[in-house]
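First the structure, in the form of structure tokens, and then the observations on it.
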Amino acid sequence: MKEQISELEKIAPDLLHREKKERVFKLPPLPYAEDGKVVTRFPPEPNGYLHIGHAKAAVIDHEYARMYNGKFILRFDDTNPENAAIEFYDAQREDLQWLGIEWDEEYNTSDHLKIHYQLAEQLIRQGDAYVCRCPPEEIRKKRFQRKECRCRNLSSGENIDMWNDMLSSGFSKGVILRLKGDLHSSNTAMHDPTLFRIIEKPHPIHGDRYHVWPTYDFAGAVEDSISGVTHPFRTKEYELRDECYFYILERLHLRKPHLMEFSRLSIKGMPVSKRRIKPLIEKGIVSGYDDIRLPTLRGLKRRGILPETIKQFVISQGISKVESTAPFSLVEAINRKILDPKTRRYFFVPNPVKIVVKNAPKKRIELKLHPTKDLGKRVVETGSTFYIPKDDVQRMKTGETFRLKELYNIRIEKISDDIITTQYVGEELLPDTAKIQWTTDDHICMSVFVSKPLFKNEKYDPDSLQRIDGYAEKAVADIYEGEIIQFERFGFVRIEKQNSKIVGFFAHK
RNA sequence: GCUCCCGUGGUGUAGUCCGGCCAAUCAUUCCGGCCUUUCGAGCCGAAGACUCGGGUUCAAAUCCCGACGGGAGCACCA
């Protein structure tokens, strides 16, 4: 075997060393896609802040449009006035901008209501939809039994009349327009789903101009088609509705897009859905939509996760239908690699312990803000008192020598509860000596908030947000609001200034 | 219960449509080493996977059937 290998080495060395492929963040090719003709859309309901699950959809939609030099549409699916609120249109736009997603066109589904009414009328005339006045329980029961109700067999003329009554407020709540589907289908989504229902609550944009609103099944299909979307994506839980989607378009003689589904994104210990996030905020378990423990774009941003990281992460997850739960460490690893070369380094001493250095030379030193890149310097003046982390102190013994990082070496003479006495023992850089970050008396008191997964074994972890108090070197005062820095030997931290106080949010190691 | 979808190392992912170049990709985590005035980065190395059972075929991660496991839907929410 050995001989064979060395022989191979001589004649065809290439065969022995497989070339490593670069990791590329790229989406697979899209079926039926033509350059310049791909149209995608991101259709959020303006009912909350965007989270990383939305980001997955938005990034994929956007990315494909760019990949094929096509068009990307932002569409607010605001056809339920009970849910939509004006603040969320703006918030969602802002979050997308932060993510670095630019859209070529924007509109609200609610702006197309007139068209939806016309199409609905067409369905009714064709006998493909009917007004149903049965109570919800009965509808459910009949659906289950696969039986039709009385309303189903009225003439299209009668249905048109009732539809007009619906539109002109002749009917109050409880009357709906249903698709005449297939009650015997094994796909329950085809059991005459609701197309339009009455909602009296004023709409955030249109006020009380309309009270008959299309459901997702109708609006989604129709909008994708008439707005020219070629490749609409949605998450897997809609899969059963595909048949309904295409059936509606077929009856309406509208173009059918290449509908595709992918799995929802889930992250270990994090609630990735509005359904799970909202109660946490309402109950005060988290501080708000930008709590650093949340996978909302605002929470991630606050914690120091970059938009580019989210993009790469989402693309690395792919568009398969496999359900999986990714650990957040995957996000951290990407973020760290982007951050590392461009992040300024500073000293922060968590849980500081005081040190006195005998014979300490007074110093005025310049410290680089990055070990290898030229990101500038800061100047520090030292005397004979310092502070170092308690964690390090606990590992020390009398007589040991260690180095105040970038400064000089000291030897421990005495360790007592609140103070450590040491002796200056020279400047030479010694191998195998601990190099510990420090601050002087001229420091800033600050807290760093550290987040752990909100949920531990599916249960809320009350210790998921920790506060670490400590001293930061004075130069930290000059860091701009929102800057992400690295506290050496501590981790990457995003800095915020809250009424003259400096606060840090721990991103990751 | 019924219907649909999914099942690749500890984790995430590529490959599955169109069987052979898969001796299965890349990453992450952990472990070992190098390097480093950070516990970060970088470099090298190690370990580790096609859910199971049948079938088709010269050849199966890939096609077919079945079992098992996981998820979703069965709304006047999206």
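Only this structure's heavy atoms are used, side chains among them; waters, hydrogens and symmetry mates stay out. To find a chain, count down the sequence lines: A is the first, B the second, and so on, and within it residues start at 1.
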Among A:Y471, A:F402, A:F386, which one satisfies ring-ring contact (aromatic ring centres under 6.0 Å, His included) with A:W438? A:F386
Take atom CD of A:E458 and atom C1' of B:G70, then tell me their distance rounded to the nearest Å. 14 Å
Distance between C1' atoms of B:A60 and B:A24 (Å, rounded): 13 Å
Cation over ring face, A:R276 and A:F455, 6.0 Å, 45°: yes
Geometric cation-pi criterion A:R378 and A:F347, 6.0 Å radius, 45° cone: yes
Between A:E381 and A:R364, does any NZ, NE, NH1 or NH2 come within less than 4.0 Å of an OD or OE carboxylate oxygen? yes
Suppose we define a pair by two distances each less than 3.5 Å, Watson-Crick or G-U wobble; what does B:G66 pair with here? B:C52
Looking at B:A72, does its base get a donor-acceptor pair with the side chain of A:Y238 below 3.5 Å? no
Side-chain N or O of A:R143 less than 4.0 angstrom from OP1 or OP2 on B:C76? yes
Taking the same atom, C1', in B:A23 and in B:G70, what whole-Å distance lies between them? 31 Å
When the P atoms of B:G20 and B:A61 are considered, how many whole Å apart are they? 10 Å
Measuring only the C1' atom in each nucleotide, how far is B:A14 from B:C22? A whole number of Å is fine. 12 Å
Distance, P atom - from B:C50 to B:U62, rounded to whole angstrom: 12 Å
C1' atoms of B:U11 and B:C52, separation to the nearest Å: 22 Å
Counting only side-chain heavy atoms from C-beta out, which of B:C76, B:C39, B:A72 sits nearest to A:I176? B:C76
